[in-house]
Asks: 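One structure, as structure tokens, below. Some questions next.
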Amino acid sequence: MSAREKYWLKVWDEKHAFEPDPVAGKKKVFVTFPFPYMNAAVHVGTAFTASHLEFYSRFKRLQGFNVLFPWAWHWTGQPIVGMSKRLREGDPVVRRTFIELDHVPEKEVAKFVEPEYLASYYTKQSRQVMKETGFSIDWRREFRTIDPAFRKFVEWQYFHLRDLGYVVQGTHPVVWCPFDKSPTGDHDRMEGEGVSPAEFNLIKFHLGEFALVAATLRPETIYGATNVWVNPDADYTEARVDGELWVVSSTSLSRLSEQKHDVVPVREFKGSELLGRYAIAPLTGKSLPILPGKFVDPSLATGVVYSVPAHAPYDLMALRDIQEGRVQVGRQVKEIADEIAPVPILTLPGYSKVPADDVVRKLNIKDSMDPNLEAATQGLYSAEFHKGVLTQASGPLAGLTVAEAKDKSLVLMAKTERLSKMFELPEKVVCRCGTRCYVKILENQWFLNYSNPEWKAKARLIIDRAAMFPEEARQMFYSTIEWLNDWPCARRSGMGTRLPWDKDWLVETLSDSTIYMAYYCISKFVNMEKIGPDNLTSDVLDYVLLGKGNPASIAKAAKTTERVLRDLRTEFTYWYPVDLRNSGKDLIPNHLTFFAFHHAALFPEKYWPLGFGINGMITIEGKRMSKTKGNFVSWEDAKKKYGADAFRLALALTADGMDDADWRDRAAMDAKEKVESLMPFVRKTLRSASNREENELDSWLISTVNGRIVAATAAMEELRMRRASATIFLDIWNDLRHYLRRAEKPRRQTLTEVFSAWVRMISPFTPFMAEDLNHELGGKGLICQADWPSPRDFPVDEEAVLGEAVLGKVIEDARNVLRVVKGKRSRLNVYVSSDSARSYFFEMASAKRKKENVGAVVKKYAQLKIQPDRVFKLAFEIGDDRLTKLLAHRGFNEFKALSGASGFMSAELGIPVVVQKAGSKTINDPANRAKDALPTKPAFYLE
RNA sequence: GCGGGGGUCGCCCAGCCUGGUCAACGGCGCGAGGCUUAGGACCUCGUCCCUCAGGGGUUCGUGGGUUCGAAUCCCACCCCCCGCACCA
């Protein structure tokens, strides 16, 4: 960190510049960021998202608002604990992450076996780097989500949600790790990402007094069943399940019992024992032989399936394996199998009667072990589902589509009690701990009832009313609200707050972070030790957050003072609602929408959030950021490498709206150079300035700055930081360059005015440099407490703007001519249009505009010999806006503007330029070109 | 599959809502010149094709359409990215 940075940090700190308290009558802005999770230090992605709030905060402060930008740290949940645990178990990958990627000293890593130490280390480091980057955060309100006082706040929230009926209990299938004794989410899996429980139909085939229970996802194919498959090598069990006698694979018993089936095993035997026996199918009543199928996985559902060779490639190939002797079976079984022919049950356009045969041929599949069978199955199932129609062979299902037949077959089988259900994972899932997962039905789980239509409606209302930056994000919120179902809001493990009425459960991490912005109003008092966790009773929080109850008696009961309670209430009612919450777009489908839901549930409308800012995700040099791939830039690395100001500016210039931001070293280095050269540029410019009268060029610069202020202000208001910072750093800089090139002598007064505005405009982005520059320019006080420039102080002089625009166009045209015309040239004559040509043009243009007949005008100026279509063409080229301005400023003296710049033109074009006015008597016009001149379009003659 | 966002002149990207001032902003890269002992930085000009008077031609994923006029509006299609839940 540089000495200057240290100095200004100290000054801001001493002045308490970013520690706002309620000020009655002063308008406020309350901005928040979704706290970062502390299993790692903050990175450039965090910085990018947070920087929007930082720039916005500083901007709003300059606009005179009382701005609160607080910060906190998320410790709740599984990953911190998980990393600690893996470290304790000696996992080398975790250790390497800490040491090589996060640069944590060995000595510290040793202590990371304690999860809270791990989190506190990263918290400390993150806080430090954020401070050094100059983030204007009120650190007095900082907290962690496991702080005792915060826990009281979460408990309060959950009591209320339960009372309101938004927390409900339910039963639900989950992917379960028997070792961790916990649901295994996508991110916790070694294998099987994206796999979720599917509901299998269990179809009972009568086998004497038993039911041989086959599992299927395609019950509508029952009429095409030709046999039943069991794995001859696997163990099967006769068991009493829910009071019935079932035959299923032995391994399925434990899973059935996890799914609330009542299971009592009776006798275990090998699958081969079943071969050659017959089982009676439901609906069809057909007696089907039981055949050996090695492809049958005993650990998938019941380990029994029925065979539909006409429509299932696996079944077809398994059957042929036996028929064609590729699989050795007993003679009796072989004879049975030889008798079996596929039974088609549906028609599929573009396929033969036996579609399974078509696909098998097409993919050149040889036997039932062929790896292409999976793809064949997928393809055929999907085709049949969308285009298949059941035939007469399917009896009552005839004429139905597959989807319809599926439903009807299930209804029919349920009627005859030949149907049961079981959840199963369609693919293998392995937990990070290495244990194979299965489906468990969890009972009495706690859910947030997001499916509740009234709650949804209220959440939608928040989105309807809130400001949204960018606007496109709004639709994503609406879709999320529609799609959101009940959310399990409690877990068994990790850090966090216990459900106050059911201490076996911890409030899940996303669910404890929905209204915590309100807690920033309380944490200030907790950190100042004006109130402690023990004082934060339900009644106290009811009073502070909802205004309920009598503060005097509540204070007494809670062993605190009425004064403190009233201050807390004032704090809350002053800052709330949240004016702006900014985050990456990845949080829309969960956190941000939860945030809306919970505010809708707990607070009156006047405290509902008012604004959402959404930005894209960050990539590094065009690639997704990933620690394991080494494609990772920490906040600290970036800040150290480029310096605080340049890092901030680079963040601002990266992206706008929901576009993904690409972090490039090259661009950041560029920003660094800009930042470093700004001060020398200002110094040099001022040294070259003199005191003189204001001229047209000064008016032009002032007018231009007016437009820049308007544009930058609008962009800041909409959180378009790239546009704002580009206007401020690139456009204004270019304007100044143009001014300096044009001006023979830059005017000190003009420059001072522009620099004064400029330094304030750059300050949200590069606050350290802005303070330095302000100091350099002799500004008093702190720039972070100055006023945002007003366009009113930079009046627009339309004629000066016109003059500069015409000059630019003339130079461009002249360059074109000079480029194209070869040969000797000694000077360029520029003929500004005559007064009569001018009048002609204006009269024509306004007549056309008023849709009047132009004939009279043409006649009136006939002696000028200017073709009317030239006039229209020029009017068209000039464009509506500028034409309006020209018509409004007929006094604009084009000759004066251009002749005043003849020296400049000569220098720019590298050839002497002589500006003359057409129609004057002394004009030098050997080629008779002057008559062609029109307003803003002078004629040229190259000598 | 569902939902959202995109495809622009070598690269990154602005413009699209509110059609014409768009051969299309800005940055990078590249070329020329200036400045400099030199390099870097900085400044200027150029960077789709053609053009000896400010002009012309062909462009904004593909194919249609609306319009006097489309990168911008409508339709269809192709391609890319992101999210899809018991988890931060």
Side-chain angles (χ1 to χ4, degrees), chain A residues 34-40 74 76-80 172-176 182-188 194 196 382 386 442 445-448 450 470-473 475-480 482-491 494 508-511 513 584-591 616-617 619 622 624 653-660 662 664 666-667 670 673 676-677 680-681 684 722-723 726-727 730-731 734 737 740-741 805 809-810 812-823 828 875-883 907-910 927 929 937-942:
Chain A
F35 40 36
Y37 190 68
M38 281 297 105
N39 65 337
H74 204 192
T76 318
Q78 198 72 252
I80 291 172
H172 214 74
V174 297
V175 180
W176 184 261
S182 148
T184 309
D186 249 6
H187 302 279
D188 294 330
S196 51
S382 144
H386 290 109
L442 270 187
Q445 253 201 124
W446 294 100
F447 289 88
L448 284 162
Y450 292 139
E471 193 54 47
E472 296 98 278
Q475 193 48 50
M476 292 175 77
F477 278 96
Y478 288 131
S479 316
T480 302
E482 290 318 305
W483 160 85
L484 209 55
N485 220 321
D486 288 356
W487 179 267
C489 63
R491 286 182 68 92
E508 180 271 333
T509 69
L510 290 179
S511 307
S513 309
K585 61 183 170 193
D586 54 328
L587 292 191
I588 295 178
N590 41 64
H591 167 74
M617 307 308 290
T619 56
R624 235 192 133 104
L653 286 168
T654 314
D656 253 358
M658 280 200 291
D659 294 341
D660 286 344
D662 191 23
R664 281 169 193 258
R666 167 105 224 172
D670 237 50
E673 263 159 22
E676 283 167 0
S677 59
F681 169 77
K684 197 179 119 207
R722 178 190 172 126
R723 179 168 290 195
T727 300
L730 309 180
D731 293 342
N734 277 333
R737 278 195 198 107
L740 294 171
R741 236 151 73 82
K809 185 69 186 150
V810 167
E812 194 189 315
D813 280 352
R815 278 210 175 101
N816 216 338
V817 171
L818 287 168
R819 187 166 49 243
V820 169
V821 179
K822 309 242 158 67
L828 178 68
F876 174 74
E877 273 171 12
I878 288 171
D880 246 17
D881 281 4
R882 184 155 292 156
L883 190 59
E908 287 289 299
L909 297 168
R929 284 264 162 71
K937 191 80 178 174
F940 294 148
Y941 177 61
L942 196 55

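Residue numbers begin at 1 in each chain, while the letters A, B, ... track the order of the sequences.
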Asks: Holding to salt bridge (charged side-chain N to carboxylate O under 4.0 Å, His left out), I want the full list of residues that pass it with A/Arg737, two or more places apart in sequence or in another chain.
Replies: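 Scan of A/Arg737 (salt bridge (charged side-chain N to carboxylate O under 4.0 Å, His left out), adjacent residues dropped) gives none.
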Asks: Under 4.0 Å between any heavy atoms, over every strand shown, what does A/Ala939 touch: base, sugar-phosphate, or nothing? Just pick one.
Replies: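 Base: the residue A/Ala939, judged by heavy atoms under 4.0 Å, touches a nucleobase.
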Asks: NA contact type, A/Pro470, heavy-atom cut-off 4.0 Å: base, sugar-phosphate, or nothing?
Replies: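 Touches nothing.
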Asks: What does B/C28 pair with, Watson-Crick or G-U, if both distances are under 3.5 Å?
Replies: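 By the stated definition (distances under 3.5 Å), B/G10 pairs with B/C28.
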Asks: Using a 4.0 Å heavy-atom cut-off across all strands, classify A/Thr480 as base, sugar-phosphate, or nothing.
Replies: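 Touches nothing.
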Asks: Would you please name every residue forming a salt bridge (charged side-chain N to carboxylate O under 4.0 Å, His left out) with A/Glu472, sequence neighbours left out?
Replies: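 Per chain and number, A/Glu472 pairs via salt bridge (charged side-chain N to carboxylate O under 4.0 Å, His left out) with no residue.
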Asks: According to the Watson-Crick and G-U wobble definitions, with both distances under 3.5 Å, which nucleotide is paired to B/G19?
Replies: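 Base-paired to nothing in any strand shown.
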Asks: With sequence neighbours excluded, tell me which residues meet side-chain hydrogen bond (donor to acceptor under 3.5 Å, both in side chains) with A/Tyr37.
Replies: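 side-chain hydrogen bond (donor to acceptor under 3.5 Å, both in side chains) check on A/Tyr37 returns nothing, list empty.
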Asks: What contact category does A/Asp659 fall into here, base, sugar-phosphate, or nothing, at under 4.0 angstrom with non-hydrogen atoms?
Replies: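 Sugar-phosphate only.
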Asks: First and last nucleotide of RNA chain B in contact with chain A, 5' to 3', at under 4.0 Å to a heavy atom: what are they?
Replies: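 The contact span of chain A on RNA chain B goes from B/G3 to B/A88.
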Asks: Please list, chain by chain and in numerical order, all residues satisfying side-chain hydrogen bond (donor to acceptor under 3.5 Å, both in side chains) with A/Gln78, sequence neighbours excluded.
Replies: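 If we apply the side-chain hydrogen bond (donor to acceptor under 3.5 Å, both in side chains) test to A/Gln78, skipping adjacent residues, the hits are A/Ser493.
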Asks: Indicate yes or no: does A/Asp670 engage A/Arg664 in a salt bridge with an N to O separation below 4.0 Å.
Replies: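 Looking at A/Arg664 together with A/Asp670, the answer is no, because their closest N to O distance does not fall below 4.0 Å.
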Asks: By the 4.0 Å heavy-atom rule, please label A/Leu942 as base, sugar-phosphate, or nothing.
Replies: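 The residue A/Leu942 makes base contact.
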Asks: Would you mind pulling out the nucleotide paired to B/C2, Watson-Crick or G-U wobble, both distances under 3.5 Å?
Replies: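 B/G83 - that is the nucleotide pairing with B/C2, both distances being under 3.5 Å.
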Asks: By nearest nucleotide on RNA chain B, pick out whichever of A/Glu908 and A/Cys489 is the more 5' one.
Replies: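 Residue closer to the 5' terminus by nearest nucleotide: A/Glu908.
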Asks: Tell me the partner of B/A41, counting only Watson-Crick (N1-N3 plus N6-O4 or O6-N4) or G-U wobble (N1-O2 and O6-N3) with both under 3.5 Å; none if nothing fits.
Replies: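 WC or wobble partner does not exist here.
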Asks: Just jot down the side chain to side chain contact (heavy atoms under 4.5 Å, CB included) partners of A/Arg722, sequence neighbours excluded, or say none.
Replies: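 With neighbours one apart ignored, the set is A/Asp656.
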Asks: Taking A/Asp660 for its side chain and A/Met617 for its backbone only, find out whether a donor-acceptor pair lies under 3.5 Å.
Replies: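 At least one qualifying donor-acceptor pair exists.
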Asks: Answer with base, sugar-phosphate or nothing: what part of the nucleic acid does A/Arg929 contact at a heavy-atom distance below 4.0 Å?
Replies: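 Contact class for A/Arg929: base.
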Asks: A/Gln445 near the nucleic acid: base, sugar-phosphate alone, or nothing, with a heavy-atom cut-off under 4.0 Å?
Replies: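 The answer is base, as A/Gln445 lies within the cut-off (heavy atoms under 4.0 Å) of a base atom.
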